[in-house]
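Just so you know, ligand 1 is whichever comes first in the structure, and atom 1 is the first atom listed for that ligand. Keep in mind that this is a model prediction, so the values were computed, not measured. Numbers for residues simply follow the sequence, beginning at 1.
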Amino acid sequence: MPTSSPKSQHVLVLNSGSSSLKFAIIDPNNGHEVISGLAERLGSEAPSIKYKYKYNGTKTAINLKANEAHAEAINTLVALIKSHKLDEHLIAVGHRVVHGGEHFIQSILIDEDVILGITQAATLAPLHGHANLLGISSAKESFKGLPQVAVFDTAFHQTMDEVAYLYALPYKLYNEFGVRRYGFHGTSHCYVADQAAQLLNQSLEESNFISAHLGNGCSVCAIKSGKSVDTSMGLTPLAGLIMGMRSGDIDPGLFNFLTTQLNYSAQQIDDLLNQESGLLGISGLSNDCRTIEEASLSGNQRATLAIDMFCYRLAKQIAAYMVPLQRLDAVIFTGGIGENSDLIRKKVISQLAFLNIDCDEEANLKARFGQQGIISTKKTKIKVIVIPTNEEWVIANDAASIVKEL
Ligand code: ADP
């Protein structure tokens with residue numbers, strides 16, 4: 001079993017998706033993970049939990065009963081934590097909450113009012129919001145007396161100006177129903193910006209960055225003087241870049257075409273844009289960037305097209321963010337693709353040569369598999385940096401800071 005010094009403090013971080021629950025116990029002081037895992041296919045015929053002890057790498061899988069969901073997964077997790085005495089140093093539970101609406105501009109201790117606020121914001125992202133609320137209520141029940149903290153994916157972007165966040169729709173839709181751009185991946189953009197400033201040995205408050213979080217979901221954020229001033233995702237995480245299965249930006253006129261010409265229902269359109277598009281839709285192969293890269297290398301033209309479209313859209317979005325920033329210190333790559341794909345990084349950077357940025361081949365190849373680094377050549381003023389993200393650590397850290405204030 002993992003050993004901890006008597007003074008260790010740990011935070012249980014929970015990230016509830018619609019049919020999954022990611023969890024980790026983390027030391028907020030140094031980001032070390034004691035245990036991490038994933039409960040998946042919740043509510044289906046064959047739900048399961050897989051977890052890994054970081055100290056010795058042991059991996060274990062537990063099958064849950066058919067149809068068991070978040071509450072049962074958390075109960076199993078609690079039993080696991082208690083049986084291994086991992087609860088002894090727990091000081092808080094930190095919840096990743098996808099949508100905080102306009103109400104939540106920073107992480108917060110969860111009480112009844114906060115639950116009400118999260119419930120209201122959940123109307124903007126029902127699937128995620130419902131799962132987040134389930135995670136919170138199950139954890140409250142199972143860890144009675146332990147402070148629960150909500151950390152919002154949207155909070156970092158609440159510094160955007162209305163010029164950036166409003167849609168050119170009737171103002172009433174914003175005023176009465178909160179229809180606007182919110183942006184997501186906030187904890188990741190915030191974390192990598194902070195790390196990049198440290199790497200460049202400059203203060204975050206004086207730093208201008210463009211960060212590209214490229215995972216299954218992808219977003220770009222323009223960060224001016226350490227604050228988010230624009231981001232590519234919108235009311236929902238569907239907007240902006242091409243992603244694994246999501247289309248990103250499309251012509252809204254497509255809705256009319258699909259409904260009137262092809263008889264699509266609203267649900268079918270939602271599925272099409274969220275689950276059948278992006279890298280998967282173009283390549284016809286997979287949403288997984290590794291598979292697409294391998295297929296492209298073996299001559300699959302649709303895989304090559306998917307990569308080229310992905311990189312073109314990303315480069316265009318990065319270039320567009322020179323408008324709010326005017327001056328740029330660094331482009332940051334993060335997320336599974338950003339942290340690992342030297343090919344995607346090289347293709348994107350090569351299209352931004354007019355900004356006088358470039359790519360050092362050797363450094364680009366080296367900055368993979370958890371390795372951070374500056375991948376631009378020494379002669380360029382604007383740097384290109386790879387920073388492995390660590391959203392769990394941000395959540396643990398925020399939760400520990402809030403608990404300290406109690
Ligand atoms: P999530 O958004 O679910 O957290 P990740 O950040 O783990 O996702 O990113 C998953 C993506 O990263 C997948 O498309 C995967 O193919 C890609 N990826 C991981 N490793 C590599 C690699 N070595 N080369 C290219 N893509 C990679």
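By the side chain to side chain contact (heavy atoms under 4.5 Å, CB included) test, Glu102 pairs with Gln158, Tyr165, Tyr174, Arg180, Tyr182, sequence neighbours left out.
Of the polar atoms of Cys289, at least one N or O is found under 3.5 Å from an N or O of ligand 1, judged by distance alone. Below 3.5 Å of separation, one finds no N or O of Gly215 facing any N or O of ligand 1. Looking at ligand 1, you won't find any N or O of Glu293 less than 3.5 Å from one of its N or O atoms. At under 3.5 Å, a nitrogen or oxygen of Asn216, whether backbone or side chain, sits near a nitrogen or oxygen of ligand 1. For a threshold of 3.5 Å applied to N or O pairs, the pair formed by Ile337 and ligand 1 contains at least one separation below that value.
Atom 18 (N) of ligand 1 has its closest protein heavy atom at Gly336 O, 3.6 Å. Looking from atom 4 (O) of ligand 1 to the surrounding protein, the closest heavy atom is Lys22 NZ, 4.0 Å. The protein non-hydrogen atom at the shortest distance from atom 27 (C) of ligand 1 is Arg290 CG, 3.6 Å. Here the heavy atom of the protein found nearest to atom 16 (O) of ligand 1 is Asp288 OD1, 2.5 Å. Of all protein heavy atoms, the one lying nearest to atom 22 (C) of ligand 1 is Asn340 CB, 3.3 Å.
Per-residue contacts place Ser341 under 4.0 angstrom from the following atoms of ligand 1 (heavy atoms of the residue considered): 25 (C).
In this structure, Thr389 and Glu339 approach most closely via the heavy-atom pair N-OE2, 2.8 Å.
Of the inter-residue distances, the one linking Leu279 atom CG with Ser286 atom OG reads 8.0 Å to the nearest 0.5 angstrom. We find the CG-OG distance between Leu133 and Ser16 to be 9.5 Å, quoted to the nearest 0.5 Å.
Counted by atom type alone, His157 and Ser228 present one or more donor-acceptor pairs between their side chains at under 3.5 Å.
Among pairs with a residue in residues 365-378, those fulfilling salt bridge (charged side-chain N to carboxylate O under 4.0 Å, His left out) read Asp342-Arg368, at least two apart in sequence or across chains.
Panel note: side chain Asp358, backbone Thr380; no donor-acceptor pair is recorded below 3.5 Å.
Between Glu33 and Lys22, none of the side-chain N atoms (NZ, or NE/NH1/NH2) sits under 4.0 Å from a carboxylate O, so this pair counts as no salt bridge.
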